[in-house]
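Written out below as structure tokens is the structure these notes cover.
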Amino acid sequence: MIKAAIMGYGTVGAGVYEAVVTNQKVIAAEIGEALEVKRILDLRKFPGDPAEQLITDKFSDIEEDEEISLVVETMGGTTPAYEFVKAALLKGKHVVTSNKALVAAHGTELLQIARDKKVNFFFEAAVGGGIPVIRTLGTGYQGQVITEITGILNGTTNYILTRMDREGAEFGDVLADAQRLGYAERNPEADIEGHDTCRKIAILSSLVTGKEVNFEDVYTEGISKIDSTDFRYALELKASIKLVGAAQFAGNQVTVSVFPLLVSDENPLYAVQGVYNGIVIKGNLLGTTMLYGSGAGKLPTASAVLADMMEAAKHKNENVRFGWTAEKQAVTSHESEKHRYFVRLSGDAASLAAAKEQFEAERVIQLPGLEEVAIVSAPMTEFTYRERAAKVPNILAMIRAELSER
Ligand SMILES: NC(=O)C1=CN([C@@H]2O[C@H](COP(=O)(O)OP(=O)(O)OC[C@H]3O[C@@H](n4cnc5c(N)ncnc54)[C@H](OP(=O)(O)O)[C@@H]3O)[C@@H](O)[C@H]2O)C=CC1
Ligand SMILES: N[C@@H](CC=O)C(=O)O
């Protein structure tokens with residue numbers, strides 16, 4: 001019998017408990033013994049909950065319990081998650097977490113402690129919710145060179161953008177729905193301003209390079225400036241707007257950034273709607289693949305946590321080779337990245353003339369009833385865009401664009 005503890009009985013933690021109880025027969029058949037949750041750490045009491053008797057508010061009840069060999073961390077944030085996870089690993093317990101803030105900030109150290117202690121530190125649920133992207137990167141892509149990852153990695157923002165696009169819904173209303181459905185972070189600014197996507201693409205990039213990609217080196221823009229007029233233009237361009245984390249790997253040249261992207265209906269990410277995530281991975285042998293599935297929510301996320309628990313149970317006495325080393329991976333400035341740019345301008349002739357010239361405009365879009373105009377630029381680097389934009393008066397907004405030339 002494997003005895004586990006869950007730290008944090010919120011959306012994901014409760015999902016993990018439910019998954020372990022509901023699927024106990026399947027789990028036992030697969031790992032050859034029963035998996036039981038012995039303790040749950042939370043500050044609240046949960047009267048009437050099926051797990052009520054397991055709740056404790058003392059971490060020492062888990063840390064000091066030698067029967068507990070597997071700890072799941074689903075509290076979120078880094079304090080006290082870092083302290084508790086480190087202590088559990090140092091006690092020789094396996095740790096599974098869904099907490100990307102923890103993994104991005106302290107993953108390097110925690111992976112090393114796990115290696116030293118011959119236990120495992122797994123975090124499948126930290127990226128892509130229920131999508132097994134981390135294990136797929138580690139096993140399914142073995143032996144080939146990964147050149148690019150572009151992913152919709154945040155369920156909350158994709159849910160918000162989809163409803164703004166499809167229903168013309170207001171940003172604030174749909175954010176409240178995402179919170180009610182358990183998709184959003186405790187502080188939803190982490191979703192909206194792109195910080196959550198930033199941590200996720202930094203984690204994926206660290207896994208690809210085998211070195212630590214510091215999330216603080218990742219250029220990050222969120223979706224708070226996207227408005228309903230942007231979606232009117234997107235419709236005209238047969239496109240939609242997605243928040244993406246994008247990384248390119250060319251030898252030791254690595255660029256990683258997060259930004260809203262106009263994607264045409266020919267791009268596989270266009271079809272990724274609602275809380276779903278889609279992660280396009282390019283490899284030198286396989287070409288392009290896309291992983292797709294629920295990016296947030298109670299049971300989809302619990303499914304990824306449970307898979308990690310099973311993997312730890314199958315490797316009780318060994319550390320599975322996984323993660324990255326303490327070597328730092330330099331991240332090249334995002335100014336070298338090349339895009340097309342969708343640029344909105346106030347409608348005066350001088351602005352439009354300057355924009356057409358500076359951005360080598362491939363398209364000009366004038367929508368009825370708007371006292372403004374927009375262009376789609378030729379491809380150019382961020383550096384060139386910024387230099388040229390300084391010469392164009394009255395730019396209202398800019399969104400990077402992945403549009404075909406039709
Ligand atoms: N929700 C989702 O869809 C997904 C979430 N994640 C990640 O999983 C983690 C958990 O998310 P989620 O379940 O949504 O968050 P919740 O806020 O729903 O749950 C966190 C739980 O941990 C408890 N908690 C917080 N601090 C402590 C503490 N010091 N001691 C004991 N209990 C504590 C909270 O209690 P209280 O409420 O009383 O503070 C709450 O019950 C986060 O890192 C998140 O980023 C990853 C993938 C998807
Ligand atoms: N807030 C996150 C939760 C999962 O990681 C999201 O919306 O994707």
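Only a predicted model underlies this, so the values are computations on that prediction, with no experimental measurement involved. In each ligand, atom 1 is the first atom listed, and ligand 1 is the first ligand listed.
In this structure, the ring of F259 has its center less than 6.0 angstrom from the ring center of H339. If you look at F123 and F322, their ring centroids are closer than 6.0 Å. Residues Y159 and Y276 place their aromatic rings such that the two centres sit no closer than 6.0 Å.
For a threshold of 3.5 Å applied to N or O pairs, the pair formed by A126 and ligand 2 contains no separation below that value.
Q366 places a side-chain N or O within 3.5 Å of a backbone atom of E372 that can act as its donor or acceptor partner. Listed for the D42 side chain is a donor-acceptor partner under 3.5 Å among the backbone atoms of Y9.
Annotation for ligand 2: atoms under 4.0 Å from non-hydrogen atoms of D191 are 1 (N), 2 (C), 6 (C), 7 (O). Short contacts between ligand 2 and E185, defined as distances under 4.0 Å to a heavy atom of the residue, involve ligand atoms 1 (N), 2 (C), 3 (C). Set against the non-hydrogen atoms of G155, the atoms of ligand 2 under 4.0 Å away are 6 (C), 7 (O), 8 (O). Against a heavy-atom cut-off of under 4.0 Å, K200 is close to the following atoms of ligand 2: 2 (C), 4 (C), 5 (O), 6 (C), 8 (O).
Ordered by chain and residue number, the residues placing a heavy atom less than 4.0 Å from ligand 1 are G8, Y9, G10, T11, V12, L41, D42, L43, R44, T74, M75, G76, P80, S98, N99, K100, A125, G182, E185, R186, A296, G297, T301.
Contact of the M310 side chain with the I27 side chain is registered, since non-hydrogen atoms from C-beta on lie closer than 4.5 Å. At a threshold of 4.5 Å between non-hydrogen side-chain atoms, the residues M7 and I62 count as touching.
For the pair E193 and K225, the salt-bridge criterion is not met [side-chain N within less than 4.0 Å of a carboxylate O]. Salt bridge status for R163 with D173: absent, with no side-chain N to carboxylate O gap under 4.0 Å.
The side-chain hydrogen bond (donor to acceptor under 3.5 Å, both in side chains) analysis of residues 14-24, with sequence neighbours excluded, yields the pairs E18-K298.
Summary of contacts: the protein heavy atom closest to atom 5 (O) of ligand 2 is K100 NZ, 2.5 Å.
Under a 4.0 Å heavy-atom criterion, G295 is in contact with ligand 2.
Proximity of T156 to ligand 2, defined as any heavy-atom pair under 4.0 Å, is shared by backbone and side chain alike.
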